[in-house]
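All remarks here apply to the structure that follows.
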Amino acid sequence: MLLTSAGSNWKVNGTNRPVTREFSRLRDRKSVNAKRPGLSFYSLRHTFQTVADDTTKDFVGVHYVMGHPDQSTSGNYRHSVSDERLKNIADSVREWLFESDSKEN
């Protein structure tokens, strides 16, 4: 289980949405235009899935990372996704995110 710095669970509990609250705090602290429509924690999820799908073509692995249930027949028989595939997904998104930094150096 992932815990916040205060030791609380990140899991949504009723109307308490810790990830959304922390994203809003970070957005405000970094002076990102909070009035911009659609700018939320879920914007990051949308971007992550789009980039991960495009760069890896590992749709099953990306859905696994996103926590999306796979209710297909194949999904009923799949019990996990290898750590190597998960690392490849994370590395691909990280490379996409920081590629402009590496080109500037």
Side-chain angles (χ1 to χ4, degrees):
M1 169 183 354
L2 295 174
L3 300 176
T4 67
S5 60
S8 303
N9 189 336
W10 283 105
K11 185 177 179 184
V12 173
N13 183 5
T15 59
N16 182 17
R17 302 185 186 297
V19 172
T20 301
R21 184 180 60 245
E22 289 303 316
F23 177 81
S24 296
R25 287 179 185 166
L26 176 63
R27 182 189 59 204
D28 295 345
R29 200 167 44 238
K30 295 299 179 182
S31 301
V32 176
N33 184 356
K35 303 282 188 209
R36 193 168 123 207
L39 183 62
S40 68
F41 172 71
Y42 285 97
S43 302
L44 296 178
R45 287 182 55 83
H46 286 254
T47 300
F48 178 89
Q49 181 162 355
T50 301
V51 171
D53 282 348
D54 286 348
T55 60
T56 68
K57 307 298 187 229
D58 185 350
F59 305 113
V60 170
V62 173
H63 281 155
Y64 187 84
V65 170
M66 298 290 295
H68 296 160
D70 184 351
Q71 297 175 348
S72 68
T73 301
S74 296
N76 290 328
Y77 294 101
R78 185 180 311 104
H79 297 285
S80 66
V81 174
S82 73
D83 288 348
E84 182 180 328
R85 286 172 66 185
L86 299 176
K87 184 176 183 321
N88 181 55
I89 292 165
D91 289 346
S92 295
V93 173
R94 186 177 297 111
E95 183 178 320
W96 172 86
L97 181 61
F98 295 111
E99 73 181 342
S100 61
D101 289 348
S102 63
K103 288 179 184 176
E104 291 174 7
N105 293 331

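Computed from a prediction, not measured in an experiment: that's the story for all the values here. The analysis underlying the following values was restricted to heavy atoms, covering all of them including side chains, and did not include hydrogens, waters or symmetry mates.
Across every non-hydrogen atom of T55 and S92, the tightest pair is OG1-CB, 3.4 Å. V81 and G61 get closest at one heavy-atom pair: CG1-CA, 4.2 Å. Of all the heavy atoms in T56 and A52, the pair that sits closest is OG1-O, 2.6 Å. Taking all atoms of both residues into account, the shortest heavy-atom contact from R45 to M66 is NH2-O, 3.1 Å. In terms of heavy atoms, V62 sits closest to I89 at N-CD1, 3.5 Å.
Taken from CH2 in W96 to CZ in F48, the straight-line distance is 11.0 Å, to the nearest 0.5 Å. Rounding to the nearest 0.5 Å places CG of D91 at 11.0 Å from CG of L86. Atom CG of L44 and atom NE2 of H46 lie 10.0 Å apart (nearest 0.5 Å). Note that CG of N76 and CG of D70 are 7.5 Å apart. Values are rounded to the nearest 0.5 Å.
Both F98 and V93 sit in one connected hydrophobic cluster of ILVMFWY residues. Membership requires side-chain heavy atoms under 4.5 Å apart, directly or through other members.
With salt bridges taken as basic N to acidic carboxylate O contacts below 4.0 Å, none links E84 and K87.
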